[in-house]
Every structure is written in C-alpha cells, then in structure tokens.
Amino acid sequence: RIDEFNARLLSLSLTHSFTPTLLNELRFSYTKRMLNILAENAYVPWTAITGAAGADGVGTTYSFPQAFTNTAFQIGDIVSFNMGDHFLRAGFDWRRPQDDGDFGFASRPGFWYRSLFDYALDEPYYNYARFNPTNGAIDSTPRVFQTQEFGWFIQEDWKVSPRLTLNLGLRWDHFAPVTEKNNQLSNIRFPTGDDYWNRVATATVGQVDQLYDRDMNNFAPRLGFAWDLFGDNTTALRGGYGVSYEKIFFNVGSNSRFNP
C-alpha cells in the first residue's frame, strides 16, 4: 500500500475590550485533512492459501484503495462581564464537519483457498467482492457525510462572601443527525404500530434523510463552590457537579456507507 497524507489548519481569534469590565473573544477555525491509501498492484486480487508458506496474503488487501477528505468549519464567541462580586460569561459555538470519502472495502475481489491443490484447481473456498445489486458491477462507496453541531452556555462566578464563591452555569448542545450530501443514505425502516415483532417482520431497507432522530433536550447544568474553611486563605474546600453530552462517534454514521 502507498499512503498519501496532507493536513491544513487555519485559526483566527479577535479579542476586544469594550470597557475595563467587558471583554469579547471571537474565534474562527478551518481544518482539512486528506488521506489516500492506494493499492499497489491494484489489478492483482488478494489471495490467501491456507498452509502455504508466504501465501497467506498475496496481493494488496481487499480493503484498499481508500480516500478521505475531512473538513470542518468552526466559529465561536465568548463575552465576559466583570461586575465585582459577579463575574458573568456567555457564549456559543457552531461547527460543521464533513467527511468526503470512498472506503474501497471489497471494491477489489479476494480469494481464499484451503490448500495448494484447491489453488491449482482454481477452486476457492470462498471469494468475495462488493457488487451493485442493480447492475452486477463491482462497486465502491463514495459518500459525503455532513452534520452540524451547535451549543451555547452561560456561567456566573458569584462571590457570596469573602469566604464563599459559587459557580453556576447552564449549557445546551445540539448534535444534528448525520446526512449525506447526494442523498445516498440508507437504513432499516420500521413501519408504525404497537406490535414490535410485526414491525420487525415487515421492516424494509431503503433511502432515508437521516439515520436517527434529533435530540433537542441536551441541557447541562453546572454547579461548583470554593469555601475558605478557616477564613485565613490557607485552606480551601472545592467541589462541583456537572452534566455533559457527547455526540455520536462520526464513524458510526459514516459506516452506513456499507448499508444496502
């Protein structure tokens, strides 16, 4: 195999102080990563012969070639306001990842023989390749997967007394379902109804707009405190509690390229 890798990154930040107590930070970033895994001797299929020394994997594996271009735009803003005993921060973050790739899994045929005799007789135990069921041609999986992520937060550091400070906050995140730019997204489709087994029995596989439903209730509270135990700035007790949400691993969605 031959690997080609290239990555680019652009990051910009603008910080502006409107007043001695009001500060704003605006951020923008763009990333692009390109990975190509080429197949050497692409016209030689992967061949394995059980028990034959040096012949347990002749040729480039059926998983290649592969080509991926991952890009992401991100913009965010945070404003900070110092009010003496109250320090407020609020902001948002928006990100748009895209996975433009072709995972050539089984786009080249492979053969497995159980012995040299089977190989000599051209009788593989099994052979495999990925075919397009509509025309019988060997197929690949070019897809352009996209999603959007958006979140906002507000936080206050409140100095209740010279010995006690509270940290109060709330964050909300939205991770949009993965979609495919050229409408090449498929999944199992369950009919409506109350009979679970009947829904499974009558389910079909076909084109869909998204792989899963939106989740709009990702509210995440945060609470913390710092307490000067003896009031002499020598010993502090700190604690906190928070809820966080994480997006579904992007690879879970992009692996849908192998769905029928």
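Along the sequence shown, residues carry numbers from 1. Basis for what follows: all heavy atoms, side chains included, without hydrogens, waters or symmetry-related copies.
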Can you tell me how far the NZ atom of Lys32 sits from the CG atom of Asn6, to the nearest 0.5 Å? 8.5 Å
Where is the tightest heavy-atom contact between Phe250 and Val178, given as atom of each residue plus distance? CE1-CG2, 4.5 Å
May I have the step-by-step check of side chain to side chain contact (heavy atoms under 4.5 Å, CB included) for Glu25 and Ser13, ending in yes or no? CA-CA 7 Å; Glu25 180 183 5; Ser13 176; 3.6 Å; yes
Donor-acceptor side-chain pairing of Gln148 and Arg95 below 3.5 angstrom: no
Stepwise side chain to side chain contact (heavy atoms under 4.5 Å, CB included) check, Leu168 with Leu223: CA-CA 5 Å; Leu168 310 172; Leu223 172 65; 3.3 Å; yes
Could you measure the distance from the OG1 atom of Thr165 to the CD atom of Glu156? Nearest 0.5 Å is fine. 11.0 Å
Please report the closest heavy-atom contact between Pro191 and Arg199, naming both atoms and the distance. O-NE, 2.7 Å
Sequence neighbours left out, what passes ring pair (Phe, Tyr, Trp, His ring centres under 6.0 Å) with Phe73? Give chain and number order. Tyr30
Trp227 and Leu164: which non-hydrogen atoms are nearest, and at how many Å? CB-CD1, 4.2 Å
State whether the number of non-hydrogen atoms from other residues, nucleotides or ligands found under 6.0 Å of Asn182 atom CG is greater than 12. yes
Spell out, as yes or no, whether a donor-acceptor pair under 3.5 Å connects the side chain of Ser17 to the backbone of Leu23. no
Sequence neighbours left out, what passes ring pair (Phe, Tyr, Trp, His ring centres under 6.0 Å) with Trp158? Give chain and number order. His86
Less than 4.0 angstrom from a charged side-chain N to a carboxylate O is my criterion; do Lys159 and Asp157 meet it? no
Apart from Leu121 itself, which Ile, Leu, Val, Met, Phe, Trp or Tyr residues share its cluster (side-chain heavy atoms under 4.5 Å, direct or through members)? none
Kindly give the heavy-atom pair with the smallest separation between Arg27 and Asp77, and that separation in Å. NH2-N, 4.3 Å
With a sphere of 6.0 Å drawn around CZ of Arg189, does it hold more than 12 non-hydrogen atoms of other residues, nucleotides or ligands? yes
If you compare all heavy atoms of Asp228 against all heavy atoms of Asn233, which two are closest, and at what distance to 0.1 Å? OD2-N, 3.0 Å
N/O donor-acceptor pair under 3.5 Å between Ser256 side chain and Asn259 backbone: no
Among the clusters formed by ILVMFWY side chains lying less than 4.5 Å apart, do Phe117 and Tyr126 turn up in the same one? no
What's the shortest heavy-atom distance between Asn198 and Asp195, and which atoms? N-OD1, 3.1 Å
Just do the side chain to side chain contact (heavy atoms under 4.5 Å, CB included) check on Phe153 and Ile78 with the steps written out, would you? CA-CA 9 Å; Phe153 79 94; Ile78 297 177; 4.2 Å; yes
Between Phe81 and Phe87, is a side chain to side chain contact (heavy atoms under 4.5 Å, CB included) present by the stated rule, with each step listed? CA-CA 6 Å; Phe81 187 29; Phe87 183 73; over 6 Å; no
Output for pair (Leu22 CG, Asn82 CG), nearest 0.5 Å, gives 10.5 Å
Which value, rounded to the nearest 0.5 Å, describes the distance between Phe145 atom CZ and Asn251 atom CG? 9.5 Å
Answer whether the closest heavy-atom distance between the side chains of Thr69 and Arg33 falls below 4.5 Å. no
What residues form a ring pair (Phe, Tyr, Trp, His ring centres under 6.0 Å) with Phe258, not counting sequence neighbours? Phe103, Phe105
Honestly curious: do Leu170 and Trp172 fall in one hydrophobic cluster under the side-chain, below-4.5 Å linking rule? yes
State yes or no: are the ring centers of Tyr125 and Trp112 separated by less than 6.0 Å? yes
Is a donor on one side and an acceptor on the other found under 3.5 Å between the side chain of Arg222 and the backbone of Val243? yes
State whether the side chain of Arg114 and the backbone N or O of Ile49 hold a donor-acceptor pair below 3.5 Å, judged by distance alone. no
My understanding is that only residues two or more places apart in sequence, or in another chain, count here; which of them pass ring pair (Phe, Tyr, Trp, His ring centres under 6.0 Å) with Tyr113? Tyr119
Hey, quick one: are Phe249 and Leu35 part of the same hydrophobic cluster, counting side-chain heavy atoms closer than 4.5 Å, chains of contacts allowed? no
Which residue in the set Gln98, Lys181, Glu180 passes side chain to side chain donor-acceptor pair (under 3.5 Å) when paired with Gln146? Gln98
Spell out, as yes or no, whether a donor-acceptor pair under 3.5 Å connects the side chain of Asp232 to the backbone of Thr234. yes
Ignoring hydrogens and angles, state whether a donor on the side chain of Gln155 or Asn167 is under 3.5 Å from an acceptor on the partner side chain. no
Return yes if some donor-acceptor pair links the side-chain N/O of Arg171 with the main-chain N/O of Asn218 below 3.5 Å, else return no. no
Tell me, do Ser254 and Arg143 make a side-chain contact under 4.5 Å, heavy atoms counted? no
Between atom CZ of Arg8 and atom OG1 of Thr31, what is the distance when rounded to the nearest 0.5 Å? 12.0 Å
Quick check on Trp152: does its CH2 atom have over 12 non-hydrogen neighbours (other residues, nucleotides or ligands) under 6.0 Å away? yes
Kindly work out whether a path of hydrophobic side-chain contacts (I/L/V/M/F/W/Y, heavy atoms less than 4.5 Å apart) joins Phe5 to Leu9. no
Go through the side-chain N and O atoms of Asp100 and Asn70 and say whether any donor and acceptor fall under 3.5 Å apart. no
Side-chain (Arg89) to main-chain (Ser80) donor-acceptor, under 3.5 angstrom: no
With clusters defined by side-chain heavy atoms of hydrophobic residues (ILVMFWY) lying less than 4.5 Å apart, directly or transitively, does Tyr241 cluster with Phe219? no
Hey, could you give me the CD1/CZ distance between Ile75 and Phe28, rounded to the nearest 0.5 Å? 7.0 Å
So the ring pair (Phe, Tyr, Trp, His ring centres under 6.0 Å) pairs with at least one residue in residues 178-213 (sequence neighbours excluded) are none
